[in-house]
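Below, all heavy atoms of this structure are taken into account, side chains as well, without hydrogens, waters or symmetry copies.
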Amino acid sequence: MIMKTAALALLASLSTTSAQDSCFANSNIRVNVEEGTCSGQEYLEGLQVAIDNRNRCDSDAETEIKAITGKNNLDNALAVIDELCAEYYESVIENGRDAGWPIKAVDNELMIKAFYDGDTDANWERQTNDGAYVLKDDFARIDSYYNMAQTRAVDYPDYIENFEECEYRAAYCCWVQDRQAGDNNGNCNTPYDTNCEDADPGDNTDLCYVDMENAPGSARVAGGYAIFPDDTEGDIHCHGLAWGNDVGLDDVYKGNNLFYVAMYDHLYQRGYVRNVPGAPMCGCAEQMPIVSRADCTEMDITQTVRYSWVNQQLSVRALNVNVDFNACNGANNNNNDLEAYYERLKDEGRADEEELKALQERLVGDCDGPIADLVDSL
């Protein structure tokens, strides 16, 4: 297992000289950090608390972490813990169910991509009057996966083109159809065979244009444009997520947020499906259609991180994980708005001004100017 391999590497590199000055190097100690993230800096601070609470220990946290990791340089010691944390989270995700499991596409990258492009039965199936297709039953796996996504990190499909890069750490989905009645979202109604054949989602944005060169694998053409002036696109609904540049929990758990936005909240709960023609249904912001705005979900994640130094082996583990999904709190009290949330990330130092400007080229506020600029450039 990954955690065990990392621990054995630490044991092999333990510094005998540092251990002589250490209180903990030759004993067992567990450090629990509530509201933890898992990092070298966090472990360093936790060790200092343990020292302060221990009788007859004249050491300090820097000495302890160097002794435990076998590194003579503090930065190198912190890097060892950072790497151990990254490997731990990776092992949690690898030992769980992959991003395709909720739609019966386990280990099927082509089918996972097809879903995020607006294809597969998950997007095409519609409930029928005769009961042959019951969406809540046919896609009950999504509900099961939601329970897991609230208690552990889950797979983020950066192995498919849609999410391979995400240059400024933002992604969103845009849906053009509603296929589920009775949920107070969209205009699909019963009887399904007559009142849900081409139903619309709740409209929350304006579609400006699609540049197919941004996602040729999804568009299935090398390039081209689809332009929608004067609200000619009909009803469309866009919703996204973003994460900071500091490898925080919103980065570690971004797979959870993507699953919640794309599969649970919008497909399973609201019945929103299908992509804007020529674009992915969901993808990194730079691949998506140019729209006026998008809604936004952020996570409130709580967990206790346990750092265990036992029998001269160091391991880490996240305990009591709880992931809540909420509408984003954005800058200037502008909530449930992806651009405003990204502005908040910038204000907090977790994104930079150039990245915000890049996102604002996708979420443009008003379509008239961007459409005119595009037409002038052709």
Side-chain angles (χ1 to χ4, degrees), residues 99-105 111-150 154 157 162 171-207 218 233-241 255-283 288-289 291 293-297 325-328 336 338:
W101 188 89
I103 55 169
K104 302 177 184 178
M111 192 171 176
I112 294 170
K113 176 169 174 51
F115 166 76
Y116 283 111
D117 282 345
D119 203 351
T120 76
D121 288 347
N123 280 289
W124 284 101
E125 184 178 316
R126 210 170 21 86
Q127 195 150 320
T128 54
N129 297 339
D130 60 9
Y133 297 104
V134 179
L135 299 175
K136 289 291 186 183
D137 294 340
D138 293 347
F139 296 96
R141 278 191 173 202
I142 294 175
D143 196 36
S144 298
Y145 202 84
Y146 174 59
N147 294 330
M148 184 174 69
Q150 295 176 90
V154 302
N162 304 49
Y172 56 93
C173 304
C174 291
W175 300 272
V176 298
Q177 287 188 346
D178 177 23
R179 60 109 185 254
Q180 180 171 284
D183 56 19
N184 296 316
N185 290 283
N187 63 9
C188 171
N189 286 302
T190 56
Y192 278 97
D193 292 350
T194 55
N195 291 334
C196 195
E197 288 189 338
D198 189 21
D200 298 321
D203 191 27
N204 75 340
T205 190
D206 291 330
L207 173 61
S218 300
E233 76 277 4
D235 292 341
I236 179 174
H237 189 97
C238 296
H239 196 121
L241 61 144
N256 301 54
N257 207 0
L258 176 63
F259 158 76
Y260 177 82
V261 168
M263 292 189 183
Y264 183 78
D265 186 25
H266 288 86
L267 175 64
Y268 188 73
Q269 293 287 87
R270 310 189 200 192
Y272 290 178
V273 293
R274 305 305 315 284
N275 60 302
V276 174
M281 183 179 75
C282 303
M288 294 298 293
V291 295
R293 64 171 304 281
D295 288 350
C296 176
T297 293
F325 302 93
N326 304 299
C328 291
N336 196 29
L338 182 56

Report yes if some heavy atom in the side chain of [X] is under 4.5 Å from a heavy atom in the side chain of [Y]; otherwise report no.
X: Asn336; Y: Cys328; result: no
X: Tyr172; Y: His239; result: no
X: Val261; Y: His266; result: yes
X: Met263; Y: Gln269; result: no
X: Phe325; Y: Thr297; result: yes
X: Glu197; Y: Arg126; result: yes
X: Asn275; Y: Val176; result: no

Passing candidate, side chain to side chain contact (heavy atoms under 4.5 Å, CB included) with Asn162, options Ser218, Cys173, Cys282, Pro157 =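 For Asn162, the side chain to side chain contact (heavy atoms under 4.5 Å, CB included) check succeeds only for Ser218.
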ask   = Looking at Gln177, His237, Met281, which hits side chain to side chain contact (heavy atoms under 4.5 Å, CB included) with Tyr272?
value =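 Among Gln177, His237, Met281, the one meeting side chain to side chain contact (heavy atoms under 4.5 Å, CB included) with Tyr272 is His237.
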Return yes if some donor-acceptor pair links the side-chain N/O of [X] with the main-chain N/O of [Y] below 3.5 Å, else return no.
X: Asn189; Y: Asn195; value: no
X: Asp121; Y: Glu125; value: no
X: Asp137; Y: Leu135; value: no
X: Arg141; Y: Trp101; value: yes
X: Gln127; Y: Val134; value: no
X: Asn256; Y: Ala149; value: yes
X: Asn123; Y: Arg274; value: yes

request  = Run the salt-bridge test on Arg270 and Asp178 with the 4.0 Å N-O cut-off and return the result as yes or no.
outcome  =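 Not counted as a salt bridge, because no side-chain N and carboxylate O are separated by less than 4.0 Å.
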For the atom pair [atom1] ([X]) and [atom2] ([Y]), what is the distance rounded to the nearest 0.5 Å?
X: Ile103; Y: Asp138; atom1: CD1; atom2: CG; answer: 14.0 Å
X: Cys188; Y: Arg179; atom1: SG; atom2: CZ; answer: 9.5 Å
X: Tyr260; Y: Tyr146; atom1: OH; atom2: OH; answer: 5.5 Å
X: Thr128; Y: Tyr192; atom1: OG1; atom2: OH; answer: 9.5 Å
X: Tyr264; Y: Phe259; atom1: OH; atom2: CZ; answer: 8.0 Å

inquiry  = So which atom in Trp175 and which in Ala262 form the shortest heavy-atom distance, rounded to 0.1 Å?
reply    =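 Shortest heavy-atom contact: CZ2-CA, 4.2 Å.
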inquiry  = For Ala122 versus Leu267, what's the shortest heavy-atom pair and its separation?
reply    =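 Scanning both residues completely, I find the closest heavy atoms to be O-CD1, 3.3 Å.
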Contacts of type salt bridge (Lys or Arg N to Asp or Glu O under 4.0 Å), residue Asp117, not counting sequence neighbours =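 Applying salt bridge (Lys or Arg N to Asp or Glu O under 4.0 Å) to Asp117 gives Lys113.
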Would you tabulate the side-chain donor-acceptor contacts of residues 200-207 under 3.5 Å, counting partners in other chains and residues two or more places apart, or write 'none'?
unit_1	atom_1	unit_2	atom_2	d
Asp203	OD1	Ile236	N	3.1
Asn204	OD1	Cys238	N	2.9
Asn204	ND2	Cys238	O	2.9
Asn204	ND2	Asp295	OD1	3.4
Asn204	ND2	Asp295	OD2	3.1
Thr205	OG1	Ser292	N	3.4
Thr205	OG1	Ser292	OG	3.0
Thr205	OG1	Arg293	N	3.1
Thr205	OG1	Arg293	O	2.8

message = I'd like to know whether NZ of Lys104 has more than 12 heavy-atom contacts from other residues, nucleotides or ligands below 6.0 angstrom.
response =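 No, because the 6.0 Å sphere around NZ of Lys104 holds 12 heavy atoms or fewer from other groups.
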query = Does atom CG of Asn184 have more than 12 heavy-atom neighbours, drawn from other residues, nucleotides or ligands, at distances under 6.0 Å?
reply =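 Open: at most 12 neighbouring heavy atoms sit under 6.0 Å from CG of Asn184.
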query = Do Tyr268 and Phe139 have ring centres separated by under 6.0 Å?
reply =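 For Tyr268 and Phe139, the ring centres are not under 6.0 Å apart.
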